[in-house]
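Contents: one structure, followed by commentary.
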Amino acid sequence: LWIVFVLLAALIIAGILIWRNFAGTKWGLSIAAARFSAAMSMGISSGLDIDRSMTLAKKLSDNPVMNSRAETCKNLMEEGMSFPAAAAQSGIFRTFYAKMLSVGAAAGALDTMMQEIADRCDDEVTDELEGVINRLEPILVIVMSLLVGLILLSVMLPLTQVMTAF
């Protein structure tokens, strides 16, 4: 029984460590990019300029890595670089999404392209998480079956010893 408590404590500690480092992971950055681009899309489509939209999107983000990249992008834009080039250089989006952003800016549909990037990032994270969950489900079923079996054995073995004593 103490092994179960040790395993639970180890899982809790591992979960805390993973959560603390989540912001810089691929999933954390993809989620932050989706939120950032959705906020940018909303701001631009509402008539705000890119600089003001970026400031608001940065305030909405809880990812410190994305916030520093957005600040770098903003600084590059202040130096005269276009938003798509600054977003690509600062690493807010991966190369494919930065190219999509360039096409959207050239076509005059930056808000639509930002929403498309947000949707794609969101779908990408959802697909990856579903894949991980689908791989973990059988393992969790096996572990739970073993735990239930151990509990049943710990209850039934003493009962069988009591019954054989009479």
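Throughout, residue positions are numbered sequentially from 1 according to the sequence presented. Bear in mind that the values here come from a model prediction, so they are computed numbers and not experimental data.
A donor-acceptor pair is defined here as one N or O able to donate and one able to accept, closer than 3.5 Å; such a pair exists between the side chain of Ser46 and the backbone of Met42. Panel note: side chain Thr164, backbone Gln161; a donor-acceptor pair is recorded below 3.5 Å. The backbone N or O of Ala118 lies less than 3.5 Å from a partner atom in the side chain of Ser37, making a donor-acceptor pair.
Under a 4.0 Å N-O distance rule, the pair Glu116/Arg120 qualifies as a salt bridge.
Residues Ile117 and Cys121 are in side-chain contact: their nearest non-hydrogen atoms beyond the backbone lie under 4.5 Å apart. In this structure, the side chains of Ser30 and Arg94 come closer than 4.5 Å at one or more pairs of heavy atoms.
Val148 and Leu7 are not part of a single hydrophobic cluster, where members link through side-chain heavy atoms under 4.5 Å apart. Placement of Leu8 and Leu150 in two distinct hydrophobic clusters is found when ILVMFWY residues are connected by side-chain heavy-atom separations under 4.5 Å, directly or transitively. Linking Ile, Leu, Val, Met, Phe, Trp and Tyr residues whenever their side-chain heavy atoms come within less than 4.5 Å places Val132 and Val125 in a single cluster. Leu157 and Val155 end up in different hydrophobic clusters when Ile, Leu, Val, Met, Phe, Trp and Tyr side chains are linked at under 4.5 Å.
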Set out, in order, the CA-CA distance, both residues' side-chain angles and the distance that settles side-chain contact (heavy atoms from CB on, under 4.5 Å) for Asn63 and Arg35, then state yes or no.
CA-CA 10 Å; Asn63 189 317; Arg35 290 177 181 169; over 6 Å; no

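Between Ala86 and Met77 the shortest heavy-atom distance is CB-CG, 3.7 Å. Of all heavy-atom pairs spanning Ile92 and Cys73, the tightest one is CD1-CB, 3.6 Å. Scanning all heavy atoms of the two residues, the minimum distance from Met40 to Ala57 falls at CG-CB, 4.0 Å. When all heavy atoms are compared, the tightest approach of Ala87 to Leu101 is CB-CD2, 3.8 Å.
Rounding to the nearest 0.5 angstrom, the gap separating the CG atom in Leu60 from the OG1 atom in Thr55 is 11.0 Å. For the atom pair CG of Asn67 and CD of Glu71, the computed distance is 9.0 Å after rounding to the nearest 0.5 Å. Atom CD of Gln89 and atom CG of Leu76 lie 5.0 Å apart (nearest 0.5 Å). Atoms CD1 and CE, on Ile31 and Met66 in that order, are 11.0 Å from each other to the nearest 0.5 Å. Rounded to the nearest 0.5 Å, atoms OG (Ser102) and CE (Met100) are 11.0 Å apart. The distance from atom CE of Met114 to atom CZ of Phe36, rounded to the nearest 0.5 Å, is 6.0 Å.
Cluster partners of Leu56, by chain and number: Leu48. The rule joins Ile, Leu, Val, Met, Phe, Trp and Tyr whenever side-chain heavy atoms lie under 4.5 Å apart.
Checked by atom type, the side-chain pair Asp119/Gln115 shows a donor-acceptor distance below 3.5 Å.
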